[in-house]
Structures are given as C-alpha cells and as structure tokens.
Amino acid sequence: GIVVKHRNEEGGLGIFFYKNATAGGDWIIQERICNSDWVAKHLPPNAPLSTFRVITQSRASIDFSNKPKDGDVTALSCVFRAGREGASTDHDSILFDVDVNTGVI
C-alpha cells in the first residue's frame, strides 16, 4: 500500500492509506507509465497517457470440450484515444479509428 499526506496538514489530518487490490484492497496501485516515443511524437506537448481501445469477442468458451484455438478471439473495432494537451487522462481526447485488419489509423 501507500500513504498520502497533504503537505500543509498537521496532527494526523489529511492522511490517507491505500491498499492495493492485489493485496485485498480496493485500489489499483502501480507505477506511472508514459506514452512510448512513437505515440508521443503524434501528440501535443503535455498530453496524458494515450491508449488504444480494442473491442473483442471470444468464441473460446462456447464449447468447453474443445481446446481454444487461433481465431476464437477476434477484434471487432479499435480506436486510438489521443489525449489533449494538459488533460489528466485520455478521456479528454480526439478519437481515431483503427482498421482492425491492417492496423492503419
């Protein structure tokens, strides 16, 4: 877990304890990740982590007697969420369609 305390609070005020979900807590605590160089060169300065969102479907569990095979999971659609300058997340973004067959944005 981690402890977060406001710099201007005293006497145990403004302190918060977070326990990671991997240890039975309610929070996902991880190191911050940044855009790759390739993604960053397509974004404005100070852009947030920008992601590719892929909608998939799976046929792997339709018949448990058959072992899953290539093609059981397919991509239905994909979008690149290019975060806007100064945004905290890519929820404030410009969306670009990605062709699931070619990967072309």
Side-chain angles (χ1 to χ4, degrees):
I2 62 170
V3 177
V4 179
K5 183 165 178 30
H6 193 279
R7 66 181 179 175
N8 291 327
E9 295 287 339
E10 298 177 2
L13 300 174
I15 190 166
F16 301 93
F17 297 87
Y18 298 93
K19 187 174 180 184
N20 201 328
T22 60
D26 294 325
W27 298 91
I28 297 171
I29 301 171
Q30 65 186 44
E31 289 186 41
R32 181 176 186 228
I33 57 176
C34 299
N35 292 308
S36 71
D37 290 340
W38 182 86
V39 171
K41 76 179 181 181
H42 298 289
L43 299 171
N46 196 29
L49 180 66
S50 297
T51 60
F52 289 84
R53 300 295 174 99
V54 182
I55 305 300
T56 61
Q57 72 174 0
S58 173
R59 296 174 186 266
S61 62
I62 290 175
D63 184 354
F64 287 114
S65 65
N66 290 328
K67 188 174 182 179
K69 57 188 177 303
D70 287 347
D72 280 350
V73 177
T74 55
L76 300 175
S77 67
C78 181
V79 66
F80 173 54
R81 294 167 52 135
R84 293 176 180 255
E85 183 175 2
S88 297
T89 68
D90 67 355
H91 290 93
D92 181 6
S93 60
I94 298 173
L95 305 179
F96 294 91
D97 187 46
V98 179
D99 186 302
V100 294
N101 296 311
T102 65
V104 173
I105 298 175

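What you are looking at is a predicted structure, and each value in this text was computed from that prediction instead of being measured. No hydrogens, no waters, no symmetry mates; every other heavy atom, side chains included, goes into these values.
Hydrophobic cluster membership differs between Val100 and Phe96, with clusters built from Ile, Leu, Val, Met, Phe, Trp and Tyr side chains linked at under 4.5 angstrom. One hydrophobic cluster, built from ILVMFWY side chains closer than 4.5 Å, holds both Val98 and Leu43. Side-chain heavy atoms closer than 4.5 Å link hydrophobic residues (I, L, V, M, F, W, Y) into clusters, and following such links, even through other members, never connects Phe80 to Leu49. Criterion: ILVMFWY side-chain heavy atoms under 4.5 Å apart, direct or through other members. Under it, Phe16 and Ile2 are part of a common hydrophobic cluster.
One N or O on the side chain of Asn35 and one on the backbone of Pro48 form a donor-acceptor pair closer than 3.5 Å. Judged by distance alone, the side chain of Thr51 and the main-chain N or O of Arg53 form no donor-acceptor pair under 3.5 Å.
The line from NZ of Lys41 to OG of Ser36 is 9.0 Å long, rounded to the nearest 0.5 Å. With rounding to the nearest 0.5 angstrom, the CG atom of Leu76 is 4.5 Å from the CD atom of Gln57.
When all heavy atoms of Ser50 and Val39 are compared, the pair lying nearest together is CB-CG1, 4.3 Å. Between Ser93 and Arg81, the shortest heavy-atom distance links the atoms OG-CB, 3.9 Å. Across every non-hydrogen atom of Pro44 and Glu85, the tightest pair is CG-N, 3.5 Å. Counting all heavy atoms, side chain and backbone alike, Pro68 lies closest to Ala60 at CB-CB, 4.1 Å.
Aromatic ring pairs are classed by plane angle as parallel below 30°, tilted from 30° to 60° and perpendicular above 60°; the pair Phe52 and Trp38 is parallel.
You'll find the side chain of Asp26 stays beyond 4.5 Å of the side chain of Lys19, heavy atoms only.
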